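Note that the numbering runs from 1 along the sequence shown for the chain. As the structure is a computational prediction, the values presented were derived from the model and not from experiment.
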Amino acid sequence: MAIPHSVIDMIGNTPMLELTQFDTGPCRLFVKLENQNPGGSIKDRVALSMIEQAERDGSLLPGGTIIEATAGNTGLGLALVAALKGYKLLLVVPDKMSREKIFHLRALGVEVVLTRSDVGKGHPAYYQDYAKRLADEIPGAFYIDQFNNPANPAAHTRTTAPELWQQMENRVDAIVVGVGSGGTLGGLSRYFADVSPQTEFVLADPAGSILADYLDSGQIGEAGSWLVEGIGEDFIPPLSDFNQVRNAYRIGDAEAFTTARDLLRKEGLLAGSSTGTLLAAALRYCRAQTEPKRVVTFVCDSGNKYLSKMYNDHWMLEQGLLSKPQHDDLRDLIAYRHDEGAAVSVAPEDTLAIVHARMRLYDISQLPVLEGDRVVGLIDEWDLLNAVQADASHFSLPATRAMTQSVNTLQKEASYQDLLATFNHGHVAVVLDGERFLGLITRTDVLNAWRQKLR
């Protein structure tokens with residue numbers, strides 16, 4: 001077996017896996033592991049195809065600048081290929097993209113321009129319009145435009161589809177896909193129209209996207225909002241081909257994220273949010289069948305890009321996508337409960353260096369000082385600054401030397417008015433059950449609770 005000379009040579013030829021731990025009704029369900037591409041997603045194929053086509057037709061010159069609008073994975077694929085081929089890359093991305101993706105892009109030397117995710121096509125801050133404008137303004141820049149670039153679906157017609165067909169031994173009854181740029185659906189449809197026209201396509205669409213409604217009614221409605229990244233649109237992508245799509249499923253964020261988390265626990269696959277949408281739709285389709293079928297969908301990308309979001313219970317709770325038992329008292333407002341092992345704290349003997357490290361690690365500005373379950377003090381950034389400003393060696397002092405011992409506390413049964421009074425006096429709310437510490441409540445926690453009531 002030949003050893004590749006470049007990571008680019010490792011794009012494609014991803015494995016296929018049958019899922020056996022889910023209820024798939026009478027069907028067999030397979031996933032093509034596109035997270036095994038070197039950039040971690042199916043978009044590596046598209047990025048390579050578009051860049052190499054631009055090289056061939058002279059649109060992209062050596063050392064040139066590529067500009068693109070992307071919700072994430074196309075950008076990561078472009079970043080990988082551009083870095084190895086020596087191109088500069090500027091990406092305009094919606095501000096709902098996960099931090100892991102942004103960190104990954106910047107590590108590859110990409111210039112990332114964040115823009116609003118709550119505006120539609122035609123607005124100057126809409127990510128595609130913004131990218132096109134930058135490409136017009138920057139001399140010599142090439143707007144690669146995945147949404148209108150024929151090299152996007154060509155990547156799937158040329159590589160993804162024949163791989164899938166061969167791995168499935170030329171027997172595929174249904175393929176479940178999502179649509180972002182439309183390249184995957186367009187490219188696979190073209191191939192299967194020739195080799196297996198009876199293979200039906202199933203659309204997995206985030207609830208809020210207009211695509212499932214368009215497929216059902218032929219009408220373009222008003223888009224809502226969704227948290228799943230990479231699929232779903234507020235317009236009809238020109239590259240998509242819905243002619244072979246026979247079913248469409250609308251999948252809400254909660255179902256998508258929960259299904260992806262189940263995929264990790266049941267099958268050991270760490271997958272992203274779009275995979276959760278595809279798998280949820282595939283499972284619905286399989287369970288609705290009355291005869292056995294061989295169904296394929298995709299693990300579109302790796303879940304390591306979403307560890308701070310969909311795999312973070314506290315983020316899921318803040319978004320209203322997970323629920324916990326309600327007590328009808330102040331406990332319901334505590335984001336990080338001590339009795340659940342979630343609260344961040346320090347012990348009295350911990351050094352101020354440890355205090356500082358935990359504040360930085362968890363991006364918080366105050367910490368309770370606990371002896372067992374009992375609060376003996378509270379330390380915030382101001383206390384820390386006062387303790388070490390005269391001498392940096394004071395970072396070796398214990399937390400007791402800087403903490404505030406006079407802590408305003410509230411019993412869990414205290415009223416909402418008592419909580420607001422605590423905030424009005426400039427304090428964070430320290431909530432107790434008798435003498436036992438339960439957790440802190442901040443103004444942000446209360447705002448998050450109010451926001452969830454609107455969902």
**Prompt:** Can you name the closest pair of heavy atoms from V295 and C286 and give their distance?
**Reply:** CG2-SG, 3.8 Å
**Message:** Less than 4.0 angstrom from a charged side-chain N to a carboxylate O is my criterion; do R45 and E34 meet it?
**Reply:** yes
**Request:** Side-chain contact test, heavy atoms from C-beta onward, threshold under 4.5 Å: evaluate it for W226 versus I251 and give yes or no.
**Result:** no
**Item:** salt bridge (Lys or Arg N to Asp or Glu O under 4.0 Å) partners of residues 277-286, not counting sequence neighbours, each pair once
**Value:** E255-R284
**Prompt:** Under the side chain to side chain contact (heavy atoms under 4.5 Å, CB included) criterion, do N170 and W165 qualify, and how do the steps go?
**Reply:** CA-CA 5 Å; N170 300 354; W165 184 237; 3.2 Å; yes
**Request:** Flag yes if more than 12 heavy atoms outside M16 fall under 6.0 Å of its CE atom; otherwise flag no.
**Result:** yes
**Message:** Walk me through whether V93 and K101 qualify under side chain to side chain contact (heavy atoms under 4.5 Å, CB included).
**Reply:** CA-CA 10 Å; V93 301; K101 287 182 182 177; over 6 Å; no
**Request:** Kindly write out the residues that satisfy side-chain contact (heavy atoms from CB on, under 4.5 Å) with P238, not counting sequence neighbours, or none if the list is empty.
**Result:** N148, F235
**Request:** Applying side chain to side chain contact (heavy atoms under 4.5 Å, CB included), run through W315 and L227 and close with a yes or a no.
**Result:** CA-CA 12 Å; W315 182 86; L227 294 170; 4.1 Å; yes
**Message:** Once salt bridge (Lys or Arg N to Asp or Glu O under 4.0 Å) is applied, what residue pairs with a partner in residues 138-148 remain, sequence neighbours excluded?
**Reply:** none
**Message:** Using every non-hydrogen atom in the two residues, find where F437 and A343 come nearest and quote the distance to one decimal.
**Reply:** CE2-CB, 4.3 Å
**Prompt:** How far apart are the closest heavy atoms of D301 and S41, and which atoms are they?
**Reply:** CB-CB, 3.4 Å
**Asked** Atom OG in S225, atom CG in D234: separation rounded to 0.5 Å?
**Response** 11.5 Å
**Prompt:** Where is the tightest heavy-atom contact between I236 and L211, given as atom of each residue plus distance?
**Reply:** CD1-CD2, 3.8 Å
**Request:** Among residues two or more places apart or on two chains, list those pairs meeting salt bridge (Lys or Arg N to Asp or Glu O under 4.0 Å) that have a residue in residues 257-283.
**Result:** R261-D313
**Message:** Rounded at 0.5 Å granularity, tell me how far NZ in K88 sits from CD1 in I66.
**Reply:** 12.0 Å
**Item:** Side chains of V46 and H156 in contact at under 4.5 Å (non-hydrogen atoms)
**Value:** yes
**Item:** Heavy-atom side-chain proximity of L188 to F298 below 4.5 angstrom
**Value:** yes
**Prompt:** Is the shortest heavy-atom distance from the side chain of N73 to the side chain of K305 under 4.5 Å?
**Reply:** yes
**Asked** For atom OH of Y249, is the number of surrounding heavy atoms from other residues, nucleotides or ligands below 6.0 Å larger than 12?
**Response** yes
**Message:** Taking the side chain as everything from C-beta on, heavy atoms only, tell me whether S181 gets closer than 4.5 Å to T74.
**Reply:** no
**Message:** Strictly below 4.0 Å, N to O, side chains only: are E340 and K324 in salt-bridge contact?
**Reply:** no
**Message:** For K85, is the NZ atom crowded, meaning more than 12 foreign heavy atoms sit under 6.0 Å from it?
**Reply:** yes
**Prompt:** What pairs with R190 under side-chain contact (heavy atoms from CB on, under 4.5 Å), at least two apart in sequence or on another chain?
**Reply:** P153, T157
**Request:** Measure up the F201 and F192 rings against each other and bin them: parallel (under 30°), tilted (30 to 60°), perpendicular (over 60°).
**Result:** perpendicular
**Fill in**
Nearest heavy-atom contact between L269 and V31 is CD1-CG2, 4.2 Å
**Prompt:** Around E137, counting heavy atoms of other residues, nucleotides and ligands shown, do more than 12 lie under 6.0 Å from its CD?
**Reply:** yes
**Complete:** So salt bridge (Lys or Arg N to Asp or Glu O under 4.0 Å) across residues 195-205, not counting sequence neighbours, yields E200-K293
**Prompt:** When you check the gap from the basic side-chain N to the acidic O, do E229 and K309 get nearer than 4.0 Å?
**Reply:** yes
**Asked** From Y143 OH over to R133 CZ, what is the distance, rounded to the nearest 0.5 angstrom?
**Response** 11.0 Å
**Message:** Please determine whether the number of non-hydrogen atoms from other residues, nucleotides or ligands lying under 6.0 Å from atom CZ of F423 exceeds 12.
**Reply:** yes
**Side-chain donor/acceptor of N37 to backbone N/O of I11, under 3.5 Å** = no
**Asked** Quick one: does L17's side chain get under 4.5 Å of V299's, heavy atoms only?
**Response** no
**Item:** Ion pair K132/D136, N-O distance below 4.0 Å
**Value:** yes
**Asked** Are any of the side-chain heavy atoms of V344 and L361 separated by less than 4.5 Å?
**Response** no
**Message:** Taking atom CD as the centre, does Q326 end up with more than 12 heavy-atom neighbours from other residues, nucleotides or ligands that are less than 6.0 angstrom away?
**Reply:** yes
**Request:** Would you indicate whether Q198, at its atom CD, is surrounded by more than 12 heavy atoms from other residues, nucleotides or ligands within a distance under 6.0 Å?
**Result:** yes
**Request:** Using a strict 4.0 Å threshold on nitrogen-to-oxygen distance, state whether R250 and D216 make a salt bridge.
**Result:** yes
**Message:** What verdict does the side chain to side chain contact (heavy atoms under 4.5 Å, CB included) test give for Y127 and V113, after you've listed the backbone C-alpha separation in whole Å, the side-chain angles of each residue and the deciding distance to 0.1 Å?
**Reply:** CA-CA 9 Å; Y127 72 131; V113 177; over 6 Å; no
**Request:** Using atom types as modelled and distance alone, determine if a side-chain donor or acceptor of R171 lies under 3.5 Å from a backbone N or O of R294.
**Result:** no
**Message:** Counting C-beta onward and ignoring hydrogens, is there a side-chain heavy-atom pair between F22 and L279 closer than 4.5 Å?
**Reply:** yes
**Prompt:** Between the side chains of S365 and E381, does any donor sit under 3.5 Å from an acceptor?
**Reply:** no
**Message:** Donor-acceptor pair, distance only, cut-off 3.5 Å: does the side chain of T277 make one with the backbone of P206?
**Reply:** no
**Message:** For N152, is there any backbone N or O sitting under 3.5 Å from a side-chain donor or acceptor partner on Q146?
**Reply:** no
**Message:** Ignoring hydrogens, what is the shortest heavy-atom contact between H327 and D332? Give both atom names and the distance.
**Reply:** N-OD1, 2.7 Å
**Asked** Under 6.0 Å between ring centres, would you say that holds for H314 and Y336?
**Response** yes
**Prompt:** Should the heavy atoms of other residues, nucleotides or ligands under 6.0 Å from CZ of R56 be counted, would the total exceed 12?
**Reply:** yes
